[in-house]
There are 2 protein chains.
Amino acid sequence: MTKADTKTKLMNAAEHQVRQKGADGFSYSDLSAEVGIRKASIHYHFPAKSDLLTAIMARYAKEVLATLDGYADQIPTPREQLIAFIAFYRSALEEGRKLCLCVALTVGRDALAPETRQEISRFRDALQTWLQTRLEQLSCGTRTGNWVGDPQAIGAATLALVEGAQLAARSTADPARYDAATKCILDRLRQQ
Amino acid sequence: MTKADTKTKLMNAAEHQVRQKGADGFSYSDLSAEVGIRKASIHYHFPAKSDLLTAIMARYAKEVLATLDGYADQIPTPREQLIAFIAFYRSALEEGRKLCLCVALTVGRDALAPETRQEISRFRDALQTWLQTRLEQLSCGTRTGNWVGDPQAIGAATLALVEGAQLAARSTADPARYDAATKCILDRLRQQ
DNA sequence: GTCTATAACTCGATAGAC
DNA sequence: GTCTATCGAGTTATAGAC
C-alpha cells in the first residue's frame with residue numbers, strides 16, 4: 001500500500017491534475033515530472049490520454065460510490081447520511097483548489113471520448129439515485145418538516161447545489177464559499 | 001448592428017468557444033476559421049490570449065448585469081424577477097451545449113491572468129448581491145412562506161444551484177436536467 | 001517496463017511587407 | 001488592419017534499444 005505501482009501512481013497524479021486544472025490543463029509531461037518516469041513510458045500504461053481519463057473517471061466513480069454506500073451502512077439515519085454527503089463534497093475541495101472529477105471534466109465534455117462521457121453519466125445517475133433514496137427515507141415527499149417537493153426533484157437540486165458550491169469555492173480558492181452556499185440545506189437537515 | 005466590426009466578431013466567436021469548450025479548448029486557429037481572418041491578425045486586436053479572455057469576461061459581466069437590472073425595472077415583483085433570473089440561466093444553455101462564461105472559466109482558474117480572475121470575482125459578487133436584494137424584498141429572512149434562512153445564505157445557494165444545474169445539463173447535453181434541478185426552487189417561488 | 005530519440009503536429013506569438 | 005512567413009516551444013504518440 002505504501003508503494004503504489006506505476007500505473008496507480010500515474011492515475012493518482014492524473015486525477016490530481018484534472019481536478020485542479022481540467023482535462024486540457026495538464027500533459028503527459030506534467031505526469032512525468034510528478035511520478036518520476038519518462039513521458040514516453042506513460043504510453044505503455046495508457047496508450048492515449050483518453051484511456052487515462054476514462055480510467056481515472058471509472059475509478060473515481062467506484063471509490064466515491066463505495067464511500068457513500070459505506071455511509072449507508074455505518075451512519076444510522078438518512079438525515080445524518082445526507083449531512084455526511086455534503087461534508088464529503090466539502091472535503092474534496094482541498095483548500096478550494098480542487099473540484100469533483102466529474103465537474104472538472106464536464107466543462108470540456110465535447111472533447112472527451114464517448115467512454116469517458118458514459119462513465120460521467122453513469123456516475124451522476126448513481127449519485128442522484130443515492131440522494132433520492134435517502135430523501136425518500138426522510139419521507140419529505142409528503143412535505144414532512146420544512147421540505148417541499150418530491151425526492152427526485154430534491155435529489156437533482158441537492159446534487160446541483162453541492163457541485164455549484166464547489167465552483168463557488170474554486171472561483172476564489174476559498175472553501176468558505178462552499179459553506180456559505182450549503183448553509184441553507186444543512187440548517188434544514190439539522191432542524192429536521 | 002448587422003455588420004459587427006472585427007474586434008466584436010472575434011469576441012463573439014471567443015465567447016462562444018469558451019462557453020462550449022473551455023478556455024483551453026479553443027485556439028486562435030479556431031477563431032480564425034470562424035471569423036474569416038488570418039490567425040496572426042488576431043494579435044493586432046488582442047496581443048495575448050489572456051487579453052481576449054479578460055475582454056470577453058468583462059463584456060459578459062456588463063451585459064448580464066445590465067439584463068438583470070432591466071428585470072428590476074421592467075418586472076413588477078421580486079418574486080417574478082427571481083423566476084426570470086432562473087429562466088435567463090436556462091436560456092444561456094442553448095440546447096445544453098453551453099455554460100455561463102464564468103462557470104466555463106472557473107475550472108481552469110489556475111492558468112488565468114489575475115485581471116481575468118478579478119473580473120470573475122466581481123461578477124459573482126454582483127450576481128449574489130442582485131439575488132440577495134430580491135430575496136430581502138421577499139422578506140424571506142423572517143421565514144415568510146416556505147423559505148428558510150437569511151437572504152445572504154439563500155442568495156449563495158441560489159447562485160450555486162443555477163450554476164450546478166447548468167453543469168447537470170451539460171453532462172448529457174440535455175437542458176431538461178436544468179429544469180429538473182431547478183424545479184424545487186421554481187415551485188417554491190410560484191407558490192409564494 | 002522503461003529508456004532515448006524523434007516524428008508529426010499545434011500552439012501562442014512576432015517580424016515585416018503591403 | 002490584414003497579410004505571409006516563420007520562430008520556438010509545446011503537445012500526443014510511435015519506433016526500437018535495453
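In this text the structure is predicted, and so the values were computed from the model without any measurement. Within every chain, numbering begins at 1; the chains are lettered A, B, ... in the order of the sequence lines, protein sequences first and strands thereafter. In what follows, every heavy atom counts, from backbone to side chain, and hydrogens, waters and symmetry copies are set aside.
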Row check, B:Phe123 ring normal vs B:Lys62 NZ/CZ: under 6.0 Å, within 45°: no
Nearest-Å distance for atom pair NZ/P, residues B:Lys21 and C:dC11: 9 Å
Among A:Arg19, A:Lys21, A:Gln20, the one residue meeting side chain to side chain donor-acceptor pair (under 3.5 Å) with A:Gln17: A:Lys21
Heavy atoms only, 4.0 Å cut-off, all strands: where does B:Phe26 land among base, sugar-phosphate and nothing? sugar-phosphate
Taking CZ in A:Arg79 as the centre, count heavy atoms belonging to other residues, nucleotides or ligands within less than 6.0 Å. Is the count above 12? yes
Find out whether A:Trp130 and A:Gln81 are in side-chain contact, i.e. whether some heavy atom of one side chain is under 4.5 Å from a heavy atom of the other. yes
Specify the separation, in whole Å, of atom NE2 of B:His43 and atom C1' of C:dG16. 15 Å
Could you tell me if B:Lys7 sits above the aromatic ring of B:Tyr44, with its cationic atom closer than 6.0 Å to the ring centre and no more than 45 degrees from the axis? no
Pick out the pairs of N or O atoms, protein on one side and nucleotides 2-4 of chain D on the other, that lie under 3.5 Å.
from  : atom 1 : to      : atom 2 : distance (Å)
D:dT2 : OP1    : B:Thr6  : OG1    : 2.9
D:dT2 : OP2    : B:His45 : NE2    : 2.6
D:dC3 : OP2    : B:Arg38 : N      : 2.7
D:dC3 : OP2    : B:Ser41 : OG     : 2.9
D:dT4 : OP2    : B:Arg38 : NE     : 3.1

Does either side chain, that of A:Arg177 or that of A:Ser171, offer a donor lying less than 3.5 Å from an acceptor on the other one? no
A:Arg170 and B:Asp110 ion-paired at < 4.0 Å: yes
Between residues 48-55 of chain A and DNA chain C, which residues have a heavy-atom gap below 4.0 Å? none
Can you measure B:Asp24 atom CG to C:dG12 atom C1' for me and round it to whole angstrom units? 13 Å
Between the two ends of the helix from C:dG1-D:dC18 to C:dC18-D:dG1, what is the bend in degrees, rounded to 10 degrees, where each end axis spans five pairs? 0°
Centre-to-centre under 6.0 Å for A:Tyr28 and A:His43, is that the case here? yes
A:Glu80 atom CD, neighbour heavy-atom count above 12 within 6.0 Å: yes
Tell me, do A:Ile120 and A:Leu112 make a side-chain contact under 4.5 Å, heavy atoms counted? yes
Does this structure show an ion pair linking A:Arg59 with A:Glu15, if we count only N-O contacts that are shorter than 4.0 Å? yes
Interatomic distance, A:Asp30 CG vs D:dG10 C1' [rounded to whole Å]: 11 Å
